[in-house]
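Working notes, beginning with the structure itself.
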Amino acid sequence: MKNLRNQSFLFLLTLLSAFLPPKHVSAQSKPNIVFILTDDQGWGDLSIHGNTNVSTPNIDRIGREGARFSRFYVAPLCAPTRAGLLTGRYHYRTGVWGVSSSREFMNLDEVTFADLFKKAGYATGAFGKWHNGSQYPYHPNGRGFDEFYGFLSGHYANYFNTMLDHNGEPVRSKGYITDDLTDKAIAFIEQNKAQPFVCYVPYNAPHSPFQVSDKYYDRVKAKGINMFSKNKSAEEIEVTISALAMCENIDDNVGRILSKLDQLKLSDNTIVIYMTDNGPNSWRWNGDMKGRKGMADEGGVRVPFLIRWPGKITAGKVIDGNAAYIDLLPTLTDLAGVSSEGTKPLDGISLKPVLTGKIPQVSERVLFTSINKNSSVRKGSYLFSGGSLFNLLRDSTQQNDIALKEPELAKTLSAALENWQSEMIGSIDTVRWLPVGYRQFPKAVLPSQDAVLHRSIGSTLSYSASAPNSSWITNWNDLESFVTWNVEVNTTGKYKVNIHYTSPGPGDAFTLTFNEKSISGKIKDAFDPPLIDSPDRVKRQAESYEKEFKTLHIGELDLQRGRGTLKLLATDIKGQKFADIRAVELILVK
């Protein structure tokens, strides 16, 4: 009788289980991802690496409660690193070979980790600096991110109460930009706490301009700078103080994110990653490594990489071997059990085996890092660059060139680097066609940074700063010069045409042409506001300042699907120079 009751009970359980949802669809079975990336923060800008000039307890906590890599490598500049970590492929393969003038645009046939996680049912959000293309579908909303709040270019003019992009629409930020980005990231986490999410937080600090609130600047300055760059004669102490103050602000905001995960009881089921995109943007203490941002030596491409997943990754673990930015996509998908099917062939490898203790260190392989002709190759402890060979295990600061002592190894690595560079050059598309006319994103903004300036002899036509990102077109003093954008119209139809301008007086006239279509306009209202106050700690070198622009509606233009050159010509200049131009807008009407 007892056996009969047991059988009946088991039958009832089996019957009930048929009506219950399968266990694998539970949000709790899928880990969340919080991926924090900083901009121009060096390996040495963390206290966990021994820098006593700066205090970063919250960032350090990720490494102490999780693992950190002793040697983790990226590309020498911002956009290339971003393209590689998003796709798991060397940045040249993705079409990214620079940081401005459309060289930062990532090929539209690339698959990002956001695409993969979104397909797997994750909510996906990005909050910060994108720097891999502007117009949809280059826009983050076209690359797998449901939610985007931040800016699209490489440099930005102002870090306080500035104009940002929220899912394709301009919005004004509130307060200091790193604080504001964190507010939005935390709101996203709260909104999606009941489902798995990917929260990508690519902060733009401590990239210049060096702006930070008094609280952080005063604290770092009062403490004093006691550890210096190996290249001490080139170090600017005010830059060091400002950059480290920005790092301490980042640390407080990382602490806010970690506290929110604790508060929502999500910490145990969330993978948190912290890394930077290249070496420091100034000469400051960086473990005495050679080089800085823009260079392929250790100081330019070796960065912090900290990862925490309680219960899955051993706390305090330091992992040896060479890992790299191209490993992010395969590692995240492998850890989360998300399929990477559909990607192009990956250059990166999954770091899951070393993170979970299945292997003791990252397996030896050949790793390349490059920005154009500034390149290096690493194999094990050896680094080859510019004809020189170093054994980093014995010579971490690259003092002793051993190429003559080990000629065969130098020859082998030199040939590998040369072959790799030849292969990568084939991936570069020197013309970027800016997409216009997607029904999902009817407004396409063509900013000055994506324009080509055609100067006549003696013309002063220029960008407002040496870095075209976040700048405007200015000093247009003649009718022979003109400006173009390489445009690809996706949808045949009628387009509303706007231009963003400032001008001290009315009367300037212009014509816009695309293939055989044209439209003309005239500036009727003077609009010449002053530059917005920018509380820089150090005089800026590359970024433009910020000012407000007025939107002039010109009319409507019928455009045919296809490629062509959008040309802006000045036809009448009333003052000493033509109006300053920030952007042209083409808005699909029907």
Side-chain angles (χ1 to χ4, degrees), residues 42-46 49-51 68-77 80-81 84 90-92 227-235 275-305 318-327 347-349 361-422 424:
W43 178 91
D45 290 336
L46 301 180
H49 290 152
N51 191 347
R68 54 190 170 111
F69 284 74
S70 59
R71 295 195 181 274
F72 192 93
Y73 295 101
V74 294
L77 291 176
T81 292
Y90 283 118
H91 60 87
Y92 289 119
M227 300 176 72
F228 302 93
S229 166
K230 183 181 178 183
N231 191 10
K232 187 177 178 180
S233 62
E235 181 167 0
M275 65 173 284
T276 74
D277 65 353
N278 48 242
N281 51 359
S282 71
W283 293 111
R284 52 187 186 263
W285 186 84
N286 196 29
D288 288 340
M289 289 186 285
K290 180 181 179 182
R292 48 170 279 191
K293 174 184 177 178
M295 302 176 184
D297 294 297
E298 287 288 279
V301 296
R302 182 184 168 197
V303 300
F305 185 88
V318 178
I319 298 173
D320 294 323
N322 296 338
Y325 66 118
I326 52 176
D327 299 333
D347 294 306
I349 61 171
Q361 65 178 45
V362 183
S363 301
E364 184 176 292
R365 57 182 165 152
V366 177
L367 274 178
F368 302 95
T369 186
S370 169
I371 185 64
N372 303 322
K373 294 182 179 180
N374 192 353
S375 305
S376 59
V377 57
R378 288 164 178 78
K379 183 179 181 183
S381 62
Y382 289 96
L383 159 64
F384 179 85
S385 179
S388 297
L389 179 68
F390 304 94
N391 185 342
L392 299 173
L393 193 62
R394 300 174 183 172
D395 177 25
S396 63
T397 59
Q398 296 175 242
Q399 297 296 302
N400 303 304
D401 181 3
I402 59 172
L404 294 178
K405 294 181 181 178
E406 299 198 41
E408 289 304 314
L409 179 58
K411 183 179 178 181
T412 298
L413 293 179
S414 177
L417 182 56
E418 185 176 343
N419 291 338
W420 179 81
Q421 287 175 317
S422 297
M424 293 301 109

Between the side chain of [X] and the main-chain N/O of [Y], is any donor-acceptor distance below 3.5 Å?
X    : Y    : value
S385 : S375 : yes
D395 : N391 : no
N278 : K293 : no

Using 0.5 Å steps for rounding, measure from the [atom1] atom of [X] to the [atom2] atom of [Y].
X    : Y    : atom1 : atom2 : answer
W283 : K232 : CH2   : NZ    : 15.5 Å
R394 : S381 : CZ    : OG    : 7.5 Å
D327 : Y73  : CG    : OH    : 12.5 Å
N286 : T397 : CG    : OG1   : 12.0 Å
E298 : L383 : CD    : CG    : 6.0 Å
L417 : F384 : CG    : CZ    : 7.0 Å

Any side-chain heavy-atom pair of [X] and [Y] under 4.5 Å:
X    : Y    : answer
D401 : F390 : yes
L392 : Q398 : yes
P304 : W43  : yes
N374 : M295 : yes
R292 : N231 : no
I402 : L409 : no
V366 : V377 : yes
T412 : K379 : no

For this session: Apply the test side-chain contact (heavy atoms from CB on, under 4.5 Å) to residues F69 and V303: give CA-CA distance (whole Å), side-chain angles for both, the deciding distance (0.1 Å), then the verdict.
Result: CA-CA 9 Å; F69 284 74; V303 300; over 6 Å; no
For this session: Evaluate the criterion side-chain contact (heavy atoms from CB on, under 4.5 Å) for residue pair R71 and V362; output intermediate values, then yes/no.
Result: CA-CA 10 Å; R71 295 195 181 274; V362 183; over 6 Å; no
Exercise. side-chain contact (heavy atoms from CB on, under 4.5 Å) between N51 and R284: does it pass, once the steps are laid out?
Worked result: CA-CA 10 Å; N51 191 347; R284 52 187 186 263; over 6 Å; no
Problem set entry | T81 to A75 - nearest heavy-atom pair and separation | OG1-N, 3.0 Å
Exercise. Should the pair Y90 and Y325 be assigned to parallel (<30°), tilted (30 to 60°) or perpendicular (>60°) ring geometry?
Worked result: perpendicular
Exercise. Should the pair W420 and F368 be assigned to parallel (<30°), tilted (30 to 60°) or perpendicular (>60°) ring geometry?
Worked result: parallel
For this session: Could you walk me through whether R378 and S376 pass the side-chain hydrogen bond (donor to acceptor under 3.5 Å, both in side chains) test, one step at a time?
Result: CA-CA 7 Å; R378 288 164 178 78; S376 59; 2.8 Å; yes
